[in-house]
Amino acid sequence: MPQETFVRVAIDRPLDRLFDYRCPPELRPLPGQRVRLPFGRTDTVGVVMESVETPAVASSRIRALGALIDPDPVLTAPLLELLRFTARYYHHPLGEVVLNALPPALRRGAPLPDPRVPESLWRADIDADQPRRIGPRQQATIDALREARAPLTRDALNDLTGLGLRRAELERMAARGLLAAEPAASGTPEPSEDGGPAVPLTPEQRDAIAEIIGQTGRPTVFLLDGVTGSGKTEVYLEAAARSLARGGQVLILIPEIALTPQLIQRVSRRFPGQVAALHSGLAAGERLRAWDDARRGERPLLLGTRSALFTPLPRLGLIIVDEEHDPAYKQQDGLHYHARDLAILRGHIESLPVVLGSATPTLETLEKARSGRYRHLRLGTRPDGSRPPAVNCLDTRVHATDEGLSAPMLDAMRRTLAQGRQCFILLNRRGFARVLTCDHCGWVADCPRCDAHLTVHASIRRSICHLCGFTQPLTESCPQCGQPLRHLGVGTQRLERALSRHFPDTPLMRLDRDSIRRRGALERSLETIRAMDAGIVVGTQILAKGHDFPRVGLVGIIDVDQGLFSSDLRAAEQTLQLVLQAAGRAGRAGDPGEVLIQTGHPEHPLMRALRAGDYAAMVGPLLDERRHSGMPPYGYLALVRVDGPGPEATQRQAEEMARELRRHAREVRVLGPAPAPRHRVNRRYREQILLASSRRATLHHTLGETRRHWEEHPPPRNLRISIDVDPITLA
DNA sequence: AGCACGCCGACT
DNA sequence: GTCGGCGTGCTC
């Protein structure tokens, strides 16, 4: 009798199990292949995980597979292994994890894009000096096409310009006779070769590249540790070039593509036609195309944000994680994975080197580099010969501040501007004022849905909750006693207004999430800043990201104190990183810049360390502290969160969870439940339980057993339980 | 999660 | 009488 075969299938449901199906004789799906299947009363999409001889449930319950969606697997075997681990490690349903690795269109069962259908290629089609009214976007498009000297796809154009051009926009330009479209010739166009690196490499850079390439095919992890301006990007690009030259694919992860348009442009220019970019700004179709181009090796270099980690890359040879300290690598909802940690795991599974780059590495990474588990590559010298900036504190108890600004800060700004250099003023709070309050009766404008004050946004005359987005019109007088209200605390918008009064004739810009919301606004702002001579830029941490500016003489930090005294696990570390990243903007090409920090606590150990200026030295005491308290990297944490519509039921459920966790705890401390630091967000109440252990295994045992229990005795539907393994913040 | 079944309240 | 509220149970 012919042997029947069965497959075990992953499905996009929050059920922590796989489902077995009978294979009709003509269907022999391989692991990683998408299939359509009957599920309950409907049809759904699944991914085959493995073949099995005997199903896990009685054969009477087994149903037959519907159909294959693709002729071949869409996910590779090593990627499936990574996804299995991910589900186990983060205690998340495997089906959701697996389907999450697919672009949304494929998750819903859409067909793969047909690689034989070429995209349009665009070229400039305009007489050189024909006088015409052309907008800045159109001009930039035409300039990019002329510079490329070859017709480009829309994707390639967007990579080069960062404009996010839509098809309709290009078609409008074509209708006006500015552009012409032609179908792509067979095969990829090979635009003009850009040659090797633009600047000669330093010996340190050459050594780093040689070390990385020397580990090809081995799961070696590198920490590429170098201050701003030390040329980490050149090391990435050159290592990538050599890996590509050997026929491998390269994955470069970056924290947020939207904030680093310069990097995409730089990579696209260096590797024309070879780069696929994957990030949240893409429309569904573009995302699918980029993903599939990377999967098929059509574009062997994939540049993307954290989710790009799950892209199948059959010939992957090298992974680079840029700015590894950036918390954006940790997904904060649903599947709480850390893309940097999983990148390292992927390196092990696929046996390839992983490069973690940062000027301010996390304590976790530094500790592993110090203990020798990672190879530590240092780029100490800046290729342009500049020295690091001097860091000084301004004691706000001595120097009073008005709208956030002290007199010495203003003096330093005047000096810097007089030298023809720029001032960057960093304040990590957007909006106008922190709160709206009444001096007479003490009323404060609070969010009706969260435990948070509403932030004043004067420009749009509204108050906004930064937690849930609730907004309401600004009121002039107190709703309780009718007295006029006062704006308390300073945000970037208020700082901008104050500075425009102090420096009425100086160019002034603001850079924060609100100012760059419109498409292309960030690119325009960065361009303006770069073109500006002396001037002032006010902004949030976006200012501290790795943009390159040539003329910054002063970086002023308005308020670090909330970072010094926050009780959160990583507050000190992250404050250090933020200040140093910001400081990295100061001083280029011979001119050391200056960093001025306003603080009420200049004697605080962190501030003393900052003045000394050496990140590695500052980290020592922080690591000691972590060791003594058993915190990461010397101990392991997991956070169990319960949230629900009412405070009492949520608390009861959290208490039951904690009881269950304690029942299974072996060498695991179970702390709580306690109301989460922001107890109420978006009309939901949140309780949390912290698990701590000196061993990973015991933590996972406790979580696993508890999870099994609640799968069997599920809590009411309106209560949600989520597990955050290796939480980045306890808030 | 989806989806259906099931058992109680105010409508044409 | 029946449309529809959301509690509960199941999915190979």
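In the text below, chain A, chain B and the rest are named by the order of the sequence lines, each starting its count at 1.
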From CZ of R61(A) over to C1' of dC12(C), roughly how many Å is that when rounded to an integer? 7 Å
In whole angstrom, give the distance that lies between atom CG of N718(A) and atom C1' of dT8(C). 13 Å
Describe the nucleic acid contact of P38(A) in one word from base, sugar-phosphate, nothing, applying a heavy-atom distance below 4.0 Å. sugar-phosphate
Salt-bridge test for R708(A) and E711(A): reply yes if a basic N is under 4.0 Å from a carboxylate O, no otherwise.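 No salt bridge links R708(A) with E711(A).
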Can you measure from CZ (R296(A)) to CG (L112(A)) and round to the nearest 0.5 angstrom?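 These two atoms lie 9.0 Å from each other.
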Geometric class of the H713(A)/H709(A) ring pair [parallel <30°, tilted 30-60°, perpendicular >60°]: tilted
Take atom OH of Y21(A) and atom P of dC12(C), then tell me their distance rounded to the nearest Å. 5 Å
Go through the steps to decide whether H457(A) and H466(A) satisfy the test ring pair (Phe, Tyr, Trp, His ring centres under 6.0 Å), and finish with yes or no. CA-CA 11 Å; H457(A) 283 243; H466(A) 285 183; 5.3 Å; yes
Base, sugar-phosphate, or nothing: which does R17(A) touch, judged by heavy atoms less than 4.0 Å apart?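 Touches a base.
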Which atom pairs link the protein and nucleotides 1-5 of chain B when you take only N or O atoms and keep those under 3.5 Å?
unit_1 : atom_1 : unit_2  : atom_2 : d
dG2(B) : O6     : R717(A) : NH2    : 3.0
dC3(B) : N4     : R717(A) : NH2    : 3.4

Have a look at V275(A) and tell me which of V267(A), L302(A), V250(A) forms a side chain to side chain contact (heavy atoms under 4.5 Å, CB included) with it.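 The residue from V267(A), L302(A), V250(A) that satisfies side chain to side chain contact (heavy atoms under 4.5 Å, CB included) with V275(A) turns out to be V267(A).
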Shortest non-hydrogen contact from L99(A) to R107(A)? O-NE, 3.0 Å
Rounded to whole angstroms, how far apart are CZ on F19(A) and P on dC10(C)? 13 Å
Mind checking R63(A) for me? I need base, sugar-phosphate or nothing, with any heavy atom below 4.0 Å counting as a touch. sugar-phosphate
Using atom CG of L719(A) as one end and atom C1' of dG7(C) as the other, report the distance to the nearest whole Å. 14 Å
